[in-house]
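Structure, as structure tokens:
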Amino acid sequence: MPDPIKAVLWDIDGTLLTTGGAGAVAWQRAFEELYGVEANIDEHTRAGMTDPEITEIIFDEVVGREGTPEEQAKVVAKYLEYMPDAVAESSGYRVMPGITETLPRLADAGIVQGVVTGNVEAAARIKLARGDLDKYFSFGGYGSDDRDRVKVTERAIERGGEVIGTPLERAATISVGDTPRDVSAGHGAGIRVVGVATGAYSVAELEAAGADWAIADVTQGFPI
């Protein structure tokens, strides 16, 4: 009998919400201001990438060279400058089905909740705030911790233990994400994964990626 679930780590983009392309707009404005290039994020990146990976790829494929660490840091800072307006202006921003009901239900049940995301922490907070979701998460693992999603997940697990004062049991912790990268990251960190088909991937694709549960959205078949 599997351990009861005591902690849930949520991916943000495509899982908790969609910004309607606000992140891509902010990246585009940042690269245009600093380098005068048209950085079409959707054309050059895939869902589930961390912000540091995105920065590297746009330098390589659009600017045409490798960015120095200082240049990459400057682009991320400029991206974060543009993020609040990009999110606020987005007509496509929406919280995914069932999320506004599920998060408080889990909180009331004493389930520990954190985020695990490729976003740098400041961008994650901006995205969550518009949907009034940030109040449910006292910790997380972020793209600003590492470009490797497994390590980001491991960092979230560590921080969750720091917040509650005792290590999170991996057998009692799950993550929720909408891409095969989320599935492999969770499994790489030693936890079970719920794949939700609210992003670019179908239930069948998430099943094929090895998700322990593959569901259309959290309103049907969520394991807690």
Within the side chain of [X], is there an N or O that forms a donor-acceptor pair under 3.5 Å with the backbone of [Y]?
X    : Y    : answer
T18  : G14  : no
Q72  : E56  : no
D212 : V193 : yes
D182 : T179 : yes
T102 : G98  : yes
E205 : S202 : yes

Presence of salt bridge, [Y] and [X], under 4.0 angstrom:
X    : Y    : answer
R29  : E89  : yes
E158 : R155 : yes
D60  : R65  : no
E81  : K78  : yes

Establish whether [X] and [Y] are linked, either directly or via other cluster members, by ILVMFWY side-chain heavy-atom contacts under 4.5 Å.
X    : Y    : result
V87  : W10  : yes
I111 : I191 : no
L9   : V218 : no
V150 : I12  : no
V112 : V176 : no

After noting the C-alpha distance and the side-chain angles of V194 and I174, does the key distance pass the side-chain contact (heavy atoms from CB on, under 4.5 Å) rule?
CA-CA 7 Å; V194 180; I174 64 170; 3.8 Å; yes
Any [X] side-chain heavy atom under 4.5 Å of [Y] side chain:
X    : Y    : answer
L16  : Y136 : no
T55  : I57  : no
E162 : F139 : no
L106 : I224 : yes

Using the side chain to side chain contact (heavy atoms under 4.5 Å, CB included) definition, which of the options V25, L34, D51 pairs with Y79?
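Between Y79 and the candidates, side chain to side chain contact (heavy atoms under 4.5 Å, CB included) is satisfied uniquely by D51.
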Among R147, R149, R181, which one satisfies salt bridge (Lys or Arg N to Asp or Glu O under 4.0 Å) with E53?
R181
Looking only at non-hydrogen atoms, find the nearest pair between L168 and I164 and report the distance.
CD2-CD1, 3.5 Å
Ignoring hydrogens, what is the shortest heavy-atom contact between Y201 and D178? Give both atom names and the distance.
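Scanning both residues, the minimum pair turns out to be CD1-O, 3.6 Å.
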Given the rule in the ring-ring contact (aromatic ring centres under 6.0 Å, His included) test, do Y35 and F59 qualify, once you have shown the distances and angles that lead to the verdict?
CA-CA 10 Å; Y35 295 98; F59 262 105; 5.2 Å; yes
List the steps and the verdict of side-chain contact (heavy atoms from CB on, under 4.5 Å) for Y142 and R125.
CA-CA 11 Å; Y142 305 94; R125 292 289 173 191; 3.6 Å; yes
